[in-house]
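See structure below.
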Number of protein chains: 2
Amino acid sequence: MVDKNRRLITAHDVARLAGVSQSAVSRTYTKGASVSPATREKVEAAAAALGYRPNLAARSLITRRSNLIAVVVPSMANPFYSAVLEALSQAFELKGYRVLLFSTASNDDSDPILEDVLRYRVEAVILVSSTLSSSFAEECKQTGLPVVLLNRKNDSQTVSSVTSDNVEGGRLTANFLIAGGHQNLAFIAGNDLSSTSRDRELSFTREILSNGLPPPMREIGNFSFDGAIIATRRLLAAHQPPDGIFCANDLMAIAALNVATKEFGLTPGKNISIVGFDNIEMARWPLIGLTTYVQPTMNMVQRAVEIVSAQLSESTVAPTDHVITGSLIVRQTARLPSSGLICVGDETHWRDDPVS
Amino acid sequence: MVDKNRRLITAHDVARLAGVSQSAVSRTYTKGASVSPATREKVEAAAAALGYRPNLAARSLITRRSNLIAVVVPSMANPFYSAVLEALSQAFELKGYRVLLFSTASNDDSDPILEDVLRYRVEAVILVSSTLSSSFAEECKQTGLPVVLLNRKNDSQTVSSVTSDNVEGGRLTANFLIAGGHQNLAFIAGNDLSSTSRDRELSFTREILSNGLPPPMREIGNFSFDGAIIATRRLLAAHQPPDGIFCANDLMAIAALNVATKEFGLTPGKNISIVGFDNIEMARWPLIGLTTYVQPTMNMVQRAVEIVSAQLSESTVAPTDHVITGSLIVRQTARLPSSGLICVGDETHWRDDPVS
DNA sequence: CTGAAAGCGCTAACAA
DNA sequence: TTGTTAGCGCTTTCAG
């Protein structure tokens, strides 16, 4: 890969050794180009001898394609995000792209990220649950760069988004808890700015009110474990504590579970019910057994990749909000309703209308 | 960023608008170049008007620096890896590098990864707990590319590695369990090939034997939650089940905890002790409260970055194995020894020799 | 300090 | 199918 002068091996070097032109070398590594088997063989032999690899930077200069996708994720402390990131990385690899990673954890200055995204000439940007200013997406979009928001809706209607059905999730969870006979419900929100948290909360609250129950109590947990610990303490220490808590994500629901069990001596599924949102790996740990609304990670990622692919081939794709349906998976942290439970393999789900 | 013909804005366009030469534009964006304030101002105005960003691919062609670091991680299902990845991403960003992500989950063919690592002309490769053939590292190294193994030792002595003190961790854990009065110990290994798992096991076993206790029972959990579920069942179903289990990582220890509690009705910390290795986020969840040997993620990542930096500036850095000391953090899953406990803030640690 | 000119390593017409 | 040629957008001498 390097010669005596520590210079990288180029197609020229290979050409010289193989006794062909430099273009022949190029063609050997360009799919769909016509090279005779004889030439290809000579080139490959020489390339192997020298340890040659085409320089993608040089290629991208002329093809205008970097094969790079920028993925911007918030703190990977939330297992939901790492699962999404892994799925994205794999899905894009299959399409011949590589992921350039941008982590926004402990880094509220999004400007250097925007700058690098643009300078690296990535072909598309996936903004996962972006807490970045929505101007970020706008600025990318203005340059003609395909952008898709994953797990967050766009304020403006200029970029595409993929979310799970937050509205349905909130509604279904409310009905589930109501069907389980709960009277005093509570919601632990992510934060007030998050569209996902808001959508989940609004439909949850609406359903509760339309069932003639009092409006749910409310705390903010900042989507974090520690934040939800505090929030839950406040909730359960109230003179009229809730008998059912819906959390905007699993991490917070698990925190609530810990507080309820360890600090208040409650027994989830008996005298307190806790429901989460995401279905992260840990939700299925027997010691957790969290009842939660499933965000279908794979489907969401798949859709995001499809959107990007479409935008990459045709430049005129209207931005759309894609909503992927999830489902409520029933484990042990919430009291069971008398009907509506459906067993699927080793999982139990709950439906409003158990027709199926 | 694009003109009417959807061509990208180049330094030339900026130069024309600013009424300066293209080199002047280049200099404006090259730190350490000499441009008069007047010129710089004109260039910046024109650049802003056109939305110009320097093309890093073109730059890298001439500077031979891509500012890219390849990070190869196995499944991010293990929170330890996502924590490491996030730390790496942040540490490298501070040094002006971006992370090109390679996930090897469900992808045992490492060849396309090697190929892309080389074609993208990344400046260094970090192999996290690589299960890739060790020839991968070799091949990179041969091209002069700095490589560091993180959380895995090298078989050959050609590339640098950073691990936590696996030997000390195994030894300390054995002594901790022995001091806690355990008689029948067991080890759940990752797999037989992993150097980290082996190092932990060997020193654990050695210490047990040298204390006159019977050799520990042994199962393989494949570093995974589900694998350790099976392994633990086998262990606890034996006619002489262990009273203390040491697991090669936290994910497996948590699985063991679940089985012991939920399936065998045991009470960790009372009639069974379980110790992990990593100290992932979840280990501190009250419902888990896992006693574990801490791998100091931040220090390990920091060291890895330092090694890369050193290799990037001087090409002649001898490969070294770096061992970062961790500590045993005591929570609730293991019976306490009568001495050696040290409180540090809200954490309790254990030492062999409580001098401190 | 500034502009002209020469490439970095590659792909893409174009002729042959 | 092949080689020749002209750049892709940038940095970097080198004169001025």
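A note on names: the letters A, B, ... follow the listed sequences, proteins ahead of strands, and every chain is numbered from 1. As the structure is a prediction and not an experimental result, all values here were calculated from the model.
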Is a side-chain donor-acceptor pair under 3.5 Å present for B:E138 with B:T158?
yes
To the nearest Å, how far apart are A:L8 CG and C:dG7 P?
18 Å
Could you tell me the separation between the CG atom of A:L56 and the C1' atom of D:dG9, rounded to a whole number of Å?
17 Å
Between B:S26 and B:S23, does a side chain to side chain donor-acceptor pair (under 3.5 Å) hold up when you go through it step by step?
CA-CA 5 Å; B:S26 172; B:S23 339; over 6 Å; no
Check step by step if ring pair (Phe, Tyr, Trp, His ring centres under 6.0 Å) holds for A:Y52 and A:Y29.
CA-CA 11 Å; A:Y52 167 75; A:Y29 291 93; 5.6 Å; yes
If you assign each of B:A58 and B:P37 to its closest nucleotide in DNA chain C, which residue comes earlier from the 5' end?
B:P37
Touch class at under 4.0 angstrom, heavy-atom based, for A:V25 against every strand present:
nothing
Regarding the side chain of B:T30, the nearest nucleotide among D:dT11, C:dC10, D:dG9 is D:dT11
Atom-to-atom span, CD of B:Q22 to P of D:dG9 - whole angstrom:
11 Å
Need one value for A:V20: base, sugar-phosphate or nothing, where a base atom within 4.0 Å counts as base even if backbone is also close, heavy atoms only.
sugar-phosphate
With the threshold set at 4.0 Å, does a side-chain nitrogen-carboxylate oxygen contact exist between A:D116 and B:R98?
yes
Quick one: B:K31 NZ to D:dT12 C1', roughly how many Å, whole number?
15 Å
Counting any heavy atom closer than 4.0 Å, what does A:T39 reach on the DNA or RNA strands: base, sugar-phosphate only, or nothing?
sugar-phosphate
Would you tell me if any nitrogen or oxygen in the side chain of B:S21 comes within less than 4.0 Å of OP1 or OP2 on C:dG3?
yes
Can you find an N or O donor on one side and an acceptor on the other, under 3.5 Å apart, linking the side chain of B:R121 with the base of C:dG9?
no
Give a yes/no on whether any side-chain N or O of A:T63 is located under 4.0 angstrom from OP1 or OP2 of C:dT11.
no
Here the distance between atom C1' of C:dG9 and atom CZ of A:R27, to the nearest Å, is 16 Å
How is A:S26 classified with respect to the nucleic acid when contacts are heavy atoms under 4.0 Å: base, sugar-phosphate, or nothing?
base
Taking only N and O in the side chain of B:S60, is any of them less than 4.0 Å away from OP1 or OP2 of D:dC10?
no
From CD1 of A:I62 over to P of D:dC10, roughly how many Å is that when rounded to an integer?
14 Å
Test: B:E306 and B:R303 ion pair at under 4.0 Å:
yes
Give the nucleotide from the list D:dT2, C:dG3, C:dC10 with an atom nearest to the side chain of B:A24.
C:dG3
Interatomic distance where CG belongs to B:N55 and P belongs to C:dG9 [whole Å]:
16 Å
Can you see whether B:T163 engages B:N151 through a side-chain donor-acceptor pair at a distance of less than 3.5 angstrom?
no
Taking the nucleotide of DNA chain C with the nearest heavy atom to each, does B:S23 or B:L61 sit closer to the 5' end?
B:S23
Shortest side-chain distance from B:Y52, nucleotide among D:dC10, C:dC1, D:dG7:
D:dC10
In whole angstrom, give the distance that lies between atom CZ of A:R59 and atom P of D:dC10.
20 Å
